[in-house]
Each structure stands twice: as C-alpha cells, then as structure tokens.
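Inspection log for the structure reproduced underneath, given as structure tokens.
Values below: every heavy atom of this structure, side chains too, minus hydrogens, waters and symmetry copies. Chain A is the first sequence line, chain B the second, and so forth, proteins listed ahead of strands; every chain is numbered from 1. Please read these numbers as outputs of a predicted model, since none were measured by experiment.
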Number of protein chains: 2
Amino acid sequence: MTTQARALQTRRAIVRAAADVFVKHGYSGASLSEIAHQAGVTKGALYFHFPSKTALASAMVLTQNEANEALEEYARTYSGNYLDLLVSMTRELAARLLNDPTLRAAMRLAVERGETEDATLAGTYETWERVVGNVAQTAKDRGELAEHVDPARLARFLVGAFTGLQTVSLVSSGLGDLEERVEDMWTLLRPALEAGVRPESSSGPSSTESAADQATSH
Amino acid sequence: MTTQARALQTRRAIVRAAADVFVKHGYSGASLSEIAHQAGVTKGALYFHFPSKTALASAMVLTQNEANEALEEYARTYSGNYLDLLVSMTRELAARLLNDPTLRAAMRLAVERGETEDATLAGTYETWERVVGNVAQTAKDRGELAEHVDPARLARFLVGAFTGLQTVSLVSSGLGDLEERVEDMWTLLRPALEAGVRPESSSGPSSTESAADQATSH
C-alpha cells in the first residue's frame, strides 16, 4: 500500500470513529482521545488529519451537504408528481440514516449547532429547508398541492418534524422504527396536502380558538 | 431568613442554573463547576443538595413528569372536542417551554436520554405519548377523528414532530418561532385528521360529499 493510500485509510477510520462518538456523546461530550482510541490511531495521527474537534465536525456536515446536493440534482431531473417526490425524499433520507454513520452524526451535530460556533455548521437546516422548499414550490406551481398549503411553511415543517422523528427514534429504538415513523407521518399528513382538499369546509378555526382559551384559563 | 428557607433558595438557584447549563451544553457537556459558578454557590453547597449530575438531571425530568400529570388531570375533566384539546395541549406546551427553563432542560435531556443511564430519565417519551394517546383515543371514541387515523400512531407522531419543532426552533431562533411552527403544524395536519375526511376520496367528486356530510353533522 502506498503512503497516500494508507493516509486515506487512516483518515476514513478517524471520520468513522468520530461519527460513532458524536452520535453517542454529542459534540460537547465527544473527546479526541476516545475518537483516536476507537479509530485505532495515535492522537498524533488524529491531529495530523484533523487539528481540532471542529474540523472533525465539519467533515460530518460536509457529508450532509453532499447528500443535499445529490437530492437537489435529482429533483432537477425529476419528471413525476412533486408531492410524491417529497415523500420519497424523506423515505430515502430515513434509509440513508440507517446505513450511514456520518449522516447520523451530522444530524446530531445539527441539533447541537448552537454550541459549535463554526461557520460550516451554520446553515445546515437552512440548506435542507431550501432543497425541500424548492420541491414543495414546484409541486405548488404544478397544482399538485392543496390551495391552503404554503410551500415554504410545509418545507420548514417537514424538516422540523423529520428532525424530531429521527431524534425520538434514535433514543427509543436505535432508529429501528424510523421508517415506520416516516410512513405514519405521510399517512396522517398527506391527505391534507393533496390538491382538492379544502380545510375551510371542516369545523373551522374558531372551535380550536375556544378550546385554547379554555385550556389556558385553567 | 431561616436556615431551611435559605437552603430552599439555594436549591432553587442550583436547579435554575443547571437548567441553563444543560440547555446550553447538553448532559455530557455540562460541568458541575459551571453549574455551581452560575448559581453563585460553592461546589460543596451544590454537592450537599445534589450528589451527582444524574441527581440534577432527575430534578429536571421530575418537572416534565409533573407537567404531564397536570395535563392528564386536565384531560380527565375536559368536556369539549378532544381534537381541539390535542391542539391546545401542544400550544400550551410551546408557551410553557418559552417560560420555563427547567422544562427546556428536560426536553434537551430527553433527546440525549441514551447516555444518561438513569432509570428516572427512561420513559419520558413513553409517558408523554401515553398522555397524548389517551386524548387521541377519546377523540376517536367520540367520533371526532377521521376513520383512517390510528390514535396511538397519531400520538407517537405528535410527540416526535413536536420534539423536532422545538429542537430546530431552539437552534434557529432561540425558540422565538416555536409557537408559529406549532400553528403551521396544525394548519397542515388538522384537515387530514377531522372526522368526515376520507383520504382516498380527496381528489374525486366524493370530497364534496364528505364536506356535505360534515355540514349536516355540525
């Protein structure tokens, strides 16, 4: 094996170990010693490839950005129903989370972004929301979304809800039930999103208001 | 001030400081020194009240359990529409998160539960799901939910989605947009949950029929 090939192999082992440690302990709980130990390298070798914990975190986030770009590219060439595309995007993300430790780490880091103070970590949610928002906007433009659905708000909701589904699924089943949770989301949500649904024909917002008043007055 | 009153005041200051530090750094990133410093007490005083970080975390989680019990009690005496009650429960939780640092800390700890290895931290999501699930089941029994909606899955989804909304809202706006995010969720989701909505008929002519059914039943 050449020196370069060996270096690349070491780098990959470190990224993989860092992903596991970030998922387990979060950003602030992760120690470089534990990452080096788990990767089977010296701390010197780790520092040679990644001078800081921030550098390691950036490597994870780059993975997520690449995944976003791949999704964007796919959406550009897509020719089917764009509401279906939204559904399959979340399904694929769930499947990839199960198979890709660095993506799991990127999601965990996004949750903790407030503390990392690194510009490359900023904008993770915004990028993801933009990708989902563009697909939702196309669905709207093509008349595939119900009139009352705002594409930007739908995108923001999907990103937030998915973040929670994977967080709770990770804690309660090690992601074992994530795909089922995503299916549940669409079973519950999709009937309200499809063109032809008119929410104003239901019991109306005034009943919710009165219930809220009732609840807060106690 | 009596010795007892002073001790209680110190204890409260520690819990409040611990809540801030847990929200900022997470469980594994929180240090007892920082908590003592922020509470303005010695480490000795901190150890007198809370012998470990786990004991502090348990104090936060007890807060969340109390909130769940209050919700359960409220649901027992409620007499309105139970889908409305689900909506107002999430609205109230959002409002309380904005005002209660220990509840914010409890939410953050629930996200990290995997690492804390403490039995009192286990079951946070399960308890919350049970409370929400009972309300959803009552809504179903009373014919207020659409036929295709499974109460247990709806409860699991609401807990997961809300967890994500507050996580993303905390990172992106310090919870400033949480209430707006919760309203968006209901705007998008509610039309699909109400009795009378039949997802398989949404785009066909029978959608007018279901609206008509609803009109006569109100």
**Study point:** Student check: side-chain heavy atoms of Thr54(B) and Tyr27(B) closer than 4.5 Å
**Key:**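 Result yes, sub-4.5 Å side-chain heavy-atom pair found.
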
Check your understanding: Between Trp128(A) and Leu93(A), is any pair of side-chain heavy atoms under 4.5 Å apart?
Key -> yes

Exercise for review: May I ask you to name which of Val168(A), Val149(A), Leu170(A), Thr163(A) has the most heavy-atom pairs under 4.5 Å with chain B?
Suggested key: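 When all of Val168(A), Val149(A), Leu170(A), Thr163(A) are compared, Val168(A) has the most.
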
Exercise for review: Would you mind telling me which of Thr167(A), Leu165(A), Leu188(A), Leu154(A) has the largest number of heavy-atom pairs within less than 4.5 Å of chain B?
Suggested key: Leu188(A)

Point to revise | Residues Asp20(A), Arg16(A): salt bridge by 4.0 Å N-O rule | key: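 Salt bridge flag = yes for Arg16(A) with Asp20(A).
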
Review point. Charged N to carboxylate O under 4.0 angstrom, Arg156(A) versus Asp177(B)?
Key: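 Counted as a salt bridge, because a side-chain N and a carboxylate O are separated by less than 4.0 Å.
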
Practice item. Could you look at Gln166(B) and say if it's the side chain, the backbone, both or neither that has a heavy atom under 4.5 Å from chain A? Key: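 Neither part.
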
**Study point:** Glu73(B) versus chain A, the contacting section by heavy-atom distance below 4.5 Å
**Key:** neither

Practice item. Go through Ala161(B), Ala30(B), Gly160(B) and name the one with the most non-hydrogen pairs under 4.5 angstrom from chain A. Key: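 Max contact count across the listed options: Gly160(B).
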
Review point. Taking only residues two or more places apart in sequence or in another chain, which ones pass ring-ring contact (aromatic ring centres under 6.0 Å, His included) with Tyr82(A)?
Key: Tyr78(A)

**Study point:** Contacting region of Glu129(A) [heavy-atom separation from chain B under 4.5 Å]
**Key:**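 The side chain, not the backbone.
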
